[in-house]
Amino acid sequence: MSLPPRAPNCPPGLEYLTQIDQLLVHQKVELLEAFTGFETNNKFTIKNSMGQKVYWAAEDVDCCTRNCCGPMRPFDMKILDIYKNQVMHLYRPLRCQSCCFPCCLQTMEVSAPPGNVIGTIEQEWSIFTPQFSLKDQSGETVLRIEGPFCTFSICGDVEFKVLTRDGQQVGKVSKQWSGLAREMFTDADHFGINFPMDLDVRMKAVLIGACFLIVSTSYFI
């Protein structure tokens with residue numbers, strides 16, 4: 001699949017995001033992890049609605065941190081285009097996700113190209129439902145994400161709503177039910193990201209980061 005022409009004010013490598021309103025994220029099944037429980041670096045394929053590969057994502061964290069810190073581990077994640085050029089970088093520091101520690105909640109920094117921060121995702125303090133604010137490079141909240149009270153994906157999809165600042169739903173991040181065997185024996189899952197076609201391409205990239213932050217914090221069970 002050829003890349004579209006360079007769009008004005010669009011970070012290099014993200015041109016394709018200007019033409020779509022949906023992405024599918026498929027996590028690769030790691031046999032070592034499935035059979036032994038030994039945590040490995042997560043790898044993902046990002047596709048369009050027709051199943052064409054658009055990007056690859058790969059977690060980069062050392063073995064000790066992966067297996068000692070579990071779902072709260074800090075990590076760097078590289079996102080590559082179809083030519084294996086790195087177009088985005090996600091950084092998640094070590095943080096808590098419990099409502100008992102409101103001063104140390106989850107956060108993620110999104111850069112595109114790497115080294116140029118275009119936005120952040122910050123978890124909001126909440127007792128009953130997971131909530132996040134999506135901010136642009138100036139620190140202004142552009143979108144919010146609100147999860148359901150129950151995030152158990154037993155025989156069905158789990159949806160996190162993407163909202164404007166005034167509470168209007170404009171998209172969603174969802175975990176798609178992938179079958180009993182896959183759900184029981186692996187943590188490799190399928191996810192969907194929906195957003196407005198005319199949303200700023202930088203915020204589309206931040207939404208991709210938000211999907212990975214939600215996935216990594218094990219909200220989807």
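Basis for what follows: all heavy atoms, side chains included, without hydrogens, waters or symmetry-related copies.
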Heavy atoms of other groups near Lys161 NZ, more than 12 under 6.0 Å: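 Not more than 12 within 6.0 Å, no.
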Criterion side chain to side chain contact (heavy atoms under 4.5 Å, CB included) on Val170 and Leu143, from CA distance to verdict: CA-CA 9 Å; Val170 293; Leu143 296 171; 4.2 Å; yes
State whether the side chain of [X] and the backbone N or O of [Y] hold a donor-acceptor pair below 3.5 Å, judged by distance alone.
X: Gln86; Y: Met88; result: yes
X: Lys47; Y: Lys53; result: no
X: Glu15; Y: Gly13; result: yes
X: Thr164; Y: Gln168; result: yes
X: Thr120; Y: Gly139; result: no

Rounded at 0.5 Å granularity, tell me how far [atom1] in [X] sits from [atom2] in [Y].
X: Leu90; Y: Asp60; atom1: CG; atom2: CG; value: 12.0 Å
X: Cys10; Y: Asp200; atom1: SG; atom2: CG; value: 9.0 Å
X: Phe191; Y: Lys175; atom1: CZ; atom2: NZ; value: 6.0 Å

In one Ile/Leu/Val/Met/Phe/Trp/Tyr side-chain cluster, 4.5 Å: Val142, Met108: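 Val142 clusters together with Met108.
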Joint cluster assignment, Val54 & Leu207, ILVMFWY side-chain distance < 4.5 Å: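 The answer is yes; both residues are in one hydrophobic cluster.
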Nearest non-hydrogen partners of Ile46 and Ala57, listed with the distance: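 Between these two residues, the closest heavy atoms are CD1-CB, 4.5 Å.
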Heavy-atom closest contact (Val206 atom, Leu134 atom, distance):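 What the structure gives for the nearest pair is CG1-CG, 3.9 Å.
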Working for side chain to side chain contact (heavy atoms under 4.5 Å, CB included), residues Ile208 and Leu17: CA-CA 11 Å; Ile208 295 174; Leu17 294 181; 4.2 Å; yes
Residues Arg144, Glu122: salt bridge by 4.0 Å N-O rule: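 Salt bridge absent between Arg144 and Glu122.
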Ion pair Lys43/Glu59, N-O distance below 4.0 Å: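 So Lys43 does not pair with Glu59 through a salt bridge.
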Test side chain to side chain contact (heavy atoms under 4.5 Å, CB included) applied to Val87 and Tyr55, step by step: CA-CA 9 Å; Val87 297; Tyr55 299 109; 3.8 Å; yes
Distance-only polar pair, side chains of [X] and [Y], donor-acceptor under 3.5 Å:
X: Gln22; Y: Asn48; value: no
X: Arg92; Y: Ser216; value: yes
X: Tyr16; Y: Asp81; value: no
X: Gln131; Y: Thr129; value: yes

Close aromatic pair by centroid cut-off 6.0 Å: Phe212 and Phe44: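 Distance test on ring centres: under 6.0 Å, yes.
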